[in-house]
There are 2 protein chains.
Amino acid sequence: MSDKHMSRSAEMYLKAMAEMGPRQAATVSRLAERLSVTQVSANEMVRRLDEQGLVTHKPYKGISLTLKGRQAAGNVLRRQRLWECFLYDHLHIEWAHVYEFACLLEHATAPEVTEALAEFLGNPTTCPRGNPIPATDGTFSPVDGIPLSSAAVGVRARLLAVTATDTEVLKYLQDRHLLPGREVILRESAPMQGPLTLEVEGREFALGMNMAEMILIQPLASH
Amino acid sequence: MSDKHMSRSAEMYLKAMAEMGPRQAATVSRLAERLSVTQVSANEMVRRLDEQGLVTHKPYKGISLTLKGRQAAGNVLRRQRLWECFLYDHLHIEWAHVYEFACLLEHATAPEVTEALAEFLGNPTTCPRGNPIPATDGTFSPVDGIPLSSAAVGVRARLLAVTATDTEVLKYLQDRHLLPGREVILRESAPMQGPLTLEVEGREFALGMNMAEMILIQPLASH
DNA sequence: GATAATTTTATGGCTTGCCTTATTATCATA
DNA sequence: TATGATAATAAGGCAAGCCATAAAATTATC
Ligand SMILES: [Mn+2]
Ligand SMILES: [Mn+2]
Ligand SMILES: [Mn+2]
Ligand SMILES: [Mn+2]
């Protein structure tokens with residue numbers, strides 16, 4: 001029944017669904033976009049995953065992970081984020097590149113290696129992008145923060161996590177010191193979904209709404 | 001022309017050829033045997049590698065790596081053996097299992113990660129099985145030892161390297177403490193390619209000729 | 001030199017995961 | 001409720017890597 005071993009592709013589809021989170025509903029088109037394949041290809045894979053009992057696809061309604069699929073996705077995320085920690089903390093790989101390199105390793109990691117790696121790292125709970133590292137059973141709770149895109153002008157906040165995965169985007173954020181732990185002030189919000197004006201470490205700059213959606217913050221009590 | 005990225009399969013074929021070393025000539029059947037595929041499948045891949053200029057196949061004569069192929073194989077071996085070091089020295093994975101886990105990671109390792117890993121490990125020159133770690137350019141020289149199978153009865157020797165890769169075989173050797181650095185005495189050699197009788201750390205046991213071929217030793221001067 | 005064993009190649013077929021093009025179904029909205 | 005946009009599926013194809021079966025080519029052996 002369940003094939004024990006899952007293909008790289010299948011793992012990436014499941015991980016993509018988990019990464020999108022419960023915030024936005026997964027659809028075939030969104031998956032296609034995220035995985036850089038055509039909608040037809042994404043549709044085929046979703047059908048296969050549905051047949052394997054990993055996702056449930058209700059046409060025109062959305063796709064959701066089954067319990068089995070959620071666990072499988074959690075396991076991929078665990079491997080992914082543990083490798084991110086290793087690459088960043090021990091190999092000193094540039095922050096913006098860590099995701100893409102870990103994204104290769106995540107599919108080539110035996111369970112024994114995963115657990116030994118977690119042990120080696122001291123069982124970290126978050127990756128360098130601030131996202132939670134699922135437990136051994138694949139379970140995890142989402143980051144307790146709000147998207148920067150939905151914050152009110154004038155708010156001062158702690159950056160909790162970056163959900164972006166694209167290296168170019170990460171590089172952009174890295175260059176502007178928009179990293180977990182930093183303090184961010186939202187100075188201005190242009191109308192019509194226009195860019196935000198942020199202040200980070202004394203520097204001001206504009207950030208588009210699409211990127212702001214991929215940054216989770218914790219507003220700080222204004223003293 | 002050259003596809004920049006090489007498939008896992010192609011990498012495994014090239015690595016297998018490099019691992020067999022110059023000692024025994026590579027043939028389609030030997031590759032098939034080693035990679036657990038049919039001779040037809042091995043033949044097809046050899047043809048593809050030949051077309052790509054990575055190997056030269058002279059039917060009935062043998063297969064050899066081109067310069068390009070030797071470098072590619074050396075790069076795979078470098079990644080493989082660096083991961084072996086990491087898994088063994090830092091994650092404390094059981095010696096016999098290190099190869100198989102590293103064999104997964106070797107195909108999912110970006111060049112930047114490889115070099116950062118080498119740095120992290122202190123640029124080791126041998127893997128836990130005693131085999132040399134190729135340089136960044138993929139070059140390396142074979143272990144300077146003789147197969148235990150060709151040693152004379154009575155010889156006392158230092159075990160230099162184990163070229164075996166099969167987990168079951170490695171487990172067998174591990175259980176008998178036939179590990180790099182250990183001292184081995186060849187007590188007896190049965191006729192007709194029969195088993196050797198060895199002494200390692202005071203214990204005596206028999207070892208088949210096939211396994212003895214995969215153990216490289218350095219005879220010690222008898223005092 | 002004939003015969004047996006080994007090695008190689010020819011054929012046809014399978015699965016996965018992509019693709020393009022075209023069609024159908026549903027949703028949103030006027 | 002018609003209409004245009006969006007989402008989904010149908011149909012046909014391709015490349016990589018496997019497979020089994022069968023035929024040839026070469027080498028080894030008597
Ligand atoms: Mn960490
Ligand atoms: Mn990945
Ligand atoms: Mn080492
Ligand atoms: Mn491998």
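Convention: sequence-line order gives letters A, B, ...; per-chain numbering from 1. Please read all numbers here as calculations on a predicted model, not as lab measurements.
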OP1 or OP2 of [N] under 4.0 Å from side-chain N/O of [X]:
{"X": "Ser41(A)", "N": "dG17(C)", "answer": "no"}
{"X": "Asn43(B)", "N": "dT9(C)", "answer": "yes"}
{"X": "Tyr60(A)", "N": "dA5(D)", "answer": "no"}
{"X": "Ser7(B)", "N": "dA16(D)", "answer": "no"}
{"X": "His57(B)", "N": "dT8(C)", "answer": "yes"}

To the nearest Å, how far apart are [X] [atom1] and [N] [atom2]?
{"X": "Arg48(B)", "N": "dC18(D)", "atom1": "CZ", "atom2": "C1'", "answer": "9 Å"}
{"X": "Met45(A)", "N": "dT9(D)", "atom1": "CE", "atom2": "P", "answer": "15 Å"}
{"X": "Leu49(A)", "N": "dG17(C)", "atom1": "CG", "atom2": "C1'", "answer": "12 Å"}
{"X": "Ile63(A)", "N": "dA7(D)", "atom1": "CD1", "atom2": "C1'", "answer": "11 Å"}
{"X": "Glu11(B)", "N": "dA16(D)", "atom1": "CD", "atom2": "P", "answer": "16 Å"}
{"X": "Leu31(B)", "N": "dT9(C)", "atom1": "CG", "atom2": "P", "answer": "13 Å"}
{"X": "Lys58(A)", "N": "dC27(C)", "atom1": "NZ", "atom2": "C1'", "answer": "18 Å"}
{"X": "Arg47(B)", "N": "dA10(C)", "atom1": "CZ", "atom2": "C1'", "answer": "11 Å"}

Would you check if the side chain of Glu84(B) reaches a backbone N or O of Cys127(B) as a donor-acceptor pair within less than 3.5 Å?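 Checked: no pair found.
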Using 30° and 60° as the class limits, which term best fits the ring planes of His90(B) and Phe120(B): parallel, tilted or perpendicular?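 Rings of His90(B) and Phe120(B): tilted, as their planes differ by 30° to 60°.
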Where the side chain of Ser29(B) is concerned, which of dT11(C), dC19(C), dT8(C) is the nearest nucleotide?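 Nearest nucleotide to the side chain: dT8(C).
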Please identify which of these residues, Lys15(A), Arg78(A), Arg81(A), Arg8(A), meets the side chain to side chain donor-acceptor pair (under 3.5 Å) condition with Glu106(A).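 So, applying the side chain to side chain donor-acceptor pair (under 3.5 Å) to Glu106(A) and each of Lys15(A), Arg78(A), Arg81(A), Arg8(A), only Lys15(A) qualifies.
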By nearest heavy atom, map Val28(B) and Glu44(B) onto DNA chain C; which one lands nearer the 5' end?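 It is Val28(B), whose closest nucleotide lies nearer the 5' terminus.
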Is it true that Glu51(B) and Arg47(B) have a side-chain N and a carboxylate O under 4.0 angstrom from each other?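 Here Glu51(B) pairs with Arg47(B) in a salt bridge, since their nearest N and O are under 4.0 Å apart.
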If you look at every strand shown and take non-hydrogen atoms under 4.0 Å, does [X] touch a base, only sugar-phosphate, or nothing?
{"X": "Ser9(A)", "value": "sugar-phosphate"}
{"X": "Lys61(B)", "value": "sugar-phosphate"}
{"X": "Thr38(A)", "value": "base"}

Want to settle it: does Gln39(A) or Ala10(B) sit nearer the 5' end of DNA chain D, counting the closest nucleotide to each?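 Closer to the 5' end of DNA chain D: Gln39(A).
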Side chains of Arg176(A) and Met211(A), heavy atoms from C-beta outward: is any pair under 4.5 Å?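 Not in contact.
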